[in-house]
> 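Below is one structure. I have some questions about it.
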Amino acid sequence: MFKKLLRKVNKQNPERETDETNYNYVCLSTDPNNTINDLRVGEWNMPEVQKSLITGMLRYAKQSEVDEAKENGRIKS
């Protein structure tokens, strides 16, 4: 019974397994497409970024969100 339940969960969320976190980009959870930023570019106050990550204001972006932002022109490669 438990195995059947796990199979159902895996079938419902197939992209969940393949969508990895990209630690080079941060964004707001509420609006990731418009707030995604590249941590490798610019002068970042990393203690403030880490504080925002801890408090939940920012999160690392998923790879699919990074790809979508590149397609929309939000991020330049």
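Atoms considered below: every heavy atom in the structure, side chains included; atoms not considered: hydrogens, waters and symmetry mates. What you are looking at is a predicted structure, and each value in this text was computed from that prediction instead of being measured. Position 1 is the first residue of the sequence; numbering continues from there.
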> Compare every heavy atom of Thr55 with every heavy atom of Ser52, then report the nearest pair and how far apart it is.
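In this case the closest contact between Ser52 and Thr55 is O-OG1, 3.3 Å.
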> Which value, rounded to the nearest 0.5 Å, describes the distance between Asn22 atom CG and Asp38 atom CG?
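It is 8.5 Å, given to the nearest 0.5 Å.
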> Rounded to the nearest 0.5 Å, what's the gap from CD1 on Ile75 to CD on Glu68? Could you check?
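So the CD1 of Ile75 and the CD of Glu68 are separated by 10.5 Å.
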> With a 4.5 Å limit on heavy-atom distance, are the side chains of Thr21 and Lys62 in contact?
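Thr21 vs Lys62: side chains touch.
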> For Leu39 and Tyr25, what are the C-alpha separation, side-chain angles and deciding distance, and is it a side chain to side chain contact (heavy atoms under 4.5 Å, CB included)?
CA-CA 6 Å; Leu39 289 174; Tyr25 299 90; over 6 Å; no
> Could you tell me whether Lys70 and Glu65 make a salt bridge, using a distance below 4.0 angstrom between a side-chain N and a carboxylate O?
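Salt bridge flag = no for Glu65 with Lys70.
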> In terms of hydrophobic clustering (I, L, V, M, F, W, Y; side-chain heavy atoms under 4.5 Å; direct or indirect links), are Val41 and Met46 co-clustered?
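No, Val41 does not connect to Met46 through the hydrophobic network.
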> Rounded to the nearest 0.5 Å, what's the gap from OH on Tyr60 to CG on Leu53? Could you check?
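If I round to the nearest 0.5 Å, the distance is 5.0 Å.
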> I'd like to know if the side chain of Thr35 and the backbone of Cys27 have a donor-acceptor N/O pair within less than 3.5 Å.
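It does not hold such a pair.
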> Spell out, as yes or no, whether a donor-acceptor pair under 3.5 Å connects the side chain of Asp19 to the backbone of Ser64.
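Answer holds: yes.
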> Donor-acceptor pair, Arg74 side chain versus Asn34 backbone, under 3.5 Å?
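Yes.
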> Do you reckon Trp44 sits in the same ILVMFWY cluster as Leu28, going by side-chain contacts under 4.5 Å, direct or chained?
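As far as the 4.5 Å side-chain criterion goes, Leu28 and Trp44 are connected within one cluster.
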> May I ask whether Val49 and Ile36 are part of the same hydrophobic cluster, defined by side-chain heavy atoms of I, L, V, M, F, W, Y residues being less than 4.5 angstrom apart, directly or through others?
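Cluster IDs for Val49 and Ile36 differ.
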> Could you grab the distance from atom CG of Leu58 to atom CD of Glu48, nearest 0.5 Å is fine?
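Interatomic distance, Leu58 CG to Glu48 CD, rounded to 0.5 Å: 10.5 Å.
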